[in-house]
Amino acid sequence: MSKSSKYRFGTKAIHSGIEPDPATGAIMTPIYQTSTYVQSAPGEHKGYEYSRSNNPTRKALENSLAALENADYGHCFASGLAAIDAIIKTLKPGDEVISTNDLYGGSYRIFTKIFEDFGIRFHFVDMLDAPAIEQHINEKTKLIWVETPTNPMMNIIDIEAVSKIAKKHYVLLGVDNTFSTPYLQNPLDLGADFVMHSLTKYIAGHSDVIMGALATSNKAFSDKITFIQNASGAVPGPQDCFLVLRGIKTLHLRMQRHCENGAGVANFLKSHPKVDKVFWPGFASHPNHDIASKQMHGFGGMISFSLKENSQEAATAVLKRFELFTLAESLGGVESLSGHPATMTHASIPKEERIKVGLSDSLIRLSVGIEDIEDLIQDLKQALS
Ligand SMILES: *Cc1c(COP(=O)(O)O)cnc(C)c1O
């Protein structure tokens with residue numbers, strides 16, 4: 001893990017956390033498809049007792065993710081939401097959480113529909129105005145939860161500014177870094193206490209696995225998470241860990257192309273006569289472009305846009321004509337995807353609330369893949385014609 005400081009990102013993606021198999025010398029981490037481990041005498045073992053507590057394939061992945069996030073400890077879970085579930089279980093009834101208001105729907109659901117029933121209170125706050133967060137902090141506040149860029153409006157929250165407020169009040173700061181990946185953004189370096197990922201998206205990258213993770217250098221927090229990971233048991237299987245390890249080896253190459261294609265698609269859409277607004281933090285005209293330039297190493301391939309003919313019917317017509325931008329939930333895979341937030345991911349939000357944040361009926365969200373840009377532009381041209 002000392003590799004985390006010595007090497008650059010691409011080298012870390014390929015080497016960090018990975019040791020040749022001690023039993024055979026296999027260069028790739030084997031899939032240790034085992035539930036238990038032989039003990040030579042009661043309590044005498046090689047560091048592995050039962051695969052809910054620990055598994056060598058999972059361990060390699062956890063070390064690799066820690067290295068990518070410049071963290072000391074990594075923890076993997078059966079899904080992104082299972083990681084969030086473990087994080088909130090470190091709290092107690094009466095504790096309060098301050099969260100981004102423009103938030104992944106599943107996070108909003110687990111916060112309000114599961115954990116509020118256990119006596120934890122959540123405040124959903126517009127974090128573009130970082131000082132405003134302070135008004136919601138009291139002695140019960142234990143955690144600030146940031147997601148940036150936000151979904152689907154692609155607003156950028158200033159992690160460093162929020163971390164200063166968190167530190168001043170001795171509150172933990174967690175960042176859902178799923179949209180950016182450690183290639184584009186390293187929240188721990190900006191003052192966050194832990195980073196959470198849905199590995200399902202860019203990090204695994206091939207739309208073939210569901211998994212989550214968190215990384216931290218806070219030993220006490222990591223110990224609590226290790227306890228919950230074993231005690232609650234939402235761990236991923238070794239086969240899936242192997243797939244994510246394989247995905248990570250090309251993360252830097254894929255992200256490079258996601259960024260290039262993202263820029264190509266955003267600029268094309270901006271000049272198209274039928275398109276109204278394009279939401280992408282790479283534009284100098286984006287309201288948070290300065291913060292994005294400061295805290296991100298690139299602007300990514302997530303883009304939302306609205307149509308001049310602002311109706312669900314107009315959006316549906318475009319979505320139905322796409323050949324390459326397949327209509328599906330999820331994001332971050334090698335293939336381009338499209339979605340209609342108003343009827344898909346954000347359908348449960350009342351229309352007035354949606355409109356207030358700019359989430360109009362014609363808004364289309366794209367996860368720009370790593371296909372040839374000429375073909376992607378051609379697909380947008382024909383779909384918008
Ligand atoms: C998908 C997603 C999650 C949830 O992850 P799963 O792996 O689907 O459980 C959490 N946060 C963000 C930003 C996501 O996109």
Side-chain angles (χ1 to χ4, degrees), residues 58 61-62 65 69 74-89 97 99-115 122 124 127 143-157 159 174-185 187 192 194-215 229 232-237 240-241 243-244 247-248 251 255 258 279 281 296 300-304 328-333 337-339 341 344-349 359 365-369:
R58 192 176 97 210
L61 175 58
E62 291 175 334
L65 290 164
E69 283 290 11
H75 301 275
C76 288
F77 290 88
S79 68
L81 280 167
I84 296 174
D85 181 77
I87 291 161
I88 304 302
K89 281 177 179 161
V97 179
S99 163
T100 321
N101 60 352
D102 191 8
L103 181 73
Y104 176 69
S107 307
Y108 182 78
R109 183 176 54 201
I110 194 171
F111 290 168
T112 57
K113 295 277 195 322
I114 307 257
F115 285 111
F122 295 85
F124 297 94
M127 293 196 181
L143 174 65
I144 299 179
W145 184 268
V146 166
E147 191 181 308
T148 179
T150 65
N151 174 24
M153 300 316 298
M154 306 304 298
N155 291 313
I156 305 293
I157 294 165
I159 297 171
V175 176
D176 181 338
N177 207 25
T178 302
F179 268 40
S180 294
T181 82
Y183 177 83
L184 292 181
Q185 179 171 284
F194 65 85
V195 178
M196 171 264 153
H197 280 285
S198 168
L199 303 178
T200 311
K201 316 294 167 50
Y202 285 105
I203 292 186
H206 295 71
S207 308
D208 51 9
V209 64
I210 299 280
M211 205 186 295
L214 75 87
Q229 191 185 29
S232 288
V235 293
D240 283 355
C241 291
L243 286 173
V244 178
I248 286 175
L251 178 61
M255 289 311 293
H258 282 297
F279 303 91
M296 300 173 77
M302 295 302 300
I303 298 166
S304 294
E329 305 267 2
S330 201
L331 61 110
L337 295 180
S338 59
M344 293 167 72
T345 46
H346 292 65
S348 61
I349 300 173
L359 204 168
R365 191 190 78 178
L366 302 178
S367 170
V368 181

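First listed ligand is number 1; within each ligand, the first listed atom is number 1.
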Close-contact set for ligand 1 against Asp176 heavy atoms, below 4.0 Å: 10 (C), 11 (N), 12 (C), 13 (C)
Under the 6.0 Å and 45° cation-pi test, does Lys89 pair with Phe77? no
Shortest non-hydrogen contact from Arg365 toward Ser330: NH2-O, 3.2 Å
Within the 4.0 Å heavy-atom shell around Glu147, which atoms of ligand 1 are there? 13 (C)
Is Leu81 in polar range of ligand 1, meaning some N or O pair under 3.5 Å apart? yes
Under a 4.0 angstrom heavy-atom cut-off, which atoms of ligand 1 come close to Met211? 7 (O)
Can you pull out the closest protein heavy atom to atom 10 (C) of ligand 1? Residue, atom name and distance to 0.1 Å, please. Tyr104 CD2, 3.4 Å
side-chain contact (heavy atoms from CB on, under 4.5 Å), that's the test. Do Ile159 and Gln185 meet it? Break it down for me. CA-CA 10 Å; Ile159 297 171; Gln185 179 171 284; 3.5 Å; yes
What is the closest protein heavy atom to atom 2 (C) of ligand 1, and at what distance does it sit? Lys201 NZ, 2.5 Å
Determine the sole option in Trp145, Tyr108, Phe111, Phe115 for which the ring pair (Phe, Tyr, Trp, His ring centres under 6.0 Å) test with Phe122 is passed. Phe111
May I ask you to check whether Ile84 has an N/O atom sitting below 3.5 Å from an N/O atom of ligand 1? no
If I compare all heavy atoms of Ala234 with all of Ala82, which pair ends up nearest, and what's the gap? CB-CB, 3.8 Å
Test side-chain contact (heavy atoms from CB on, under 4.5 Å) on Leu359 and Met153; report intermediate values, then the result. CA-CA 7 Å; Leu359 204 168; Met153 300 316 298; 4.1 Å; yes
Starting from atom 7 (O) of ligand 1, locate the nearest protein heavy atom and write down its residue, its atom name and how far away it is, to 0.1 Å. Thr200 OG1, 2.7 Å
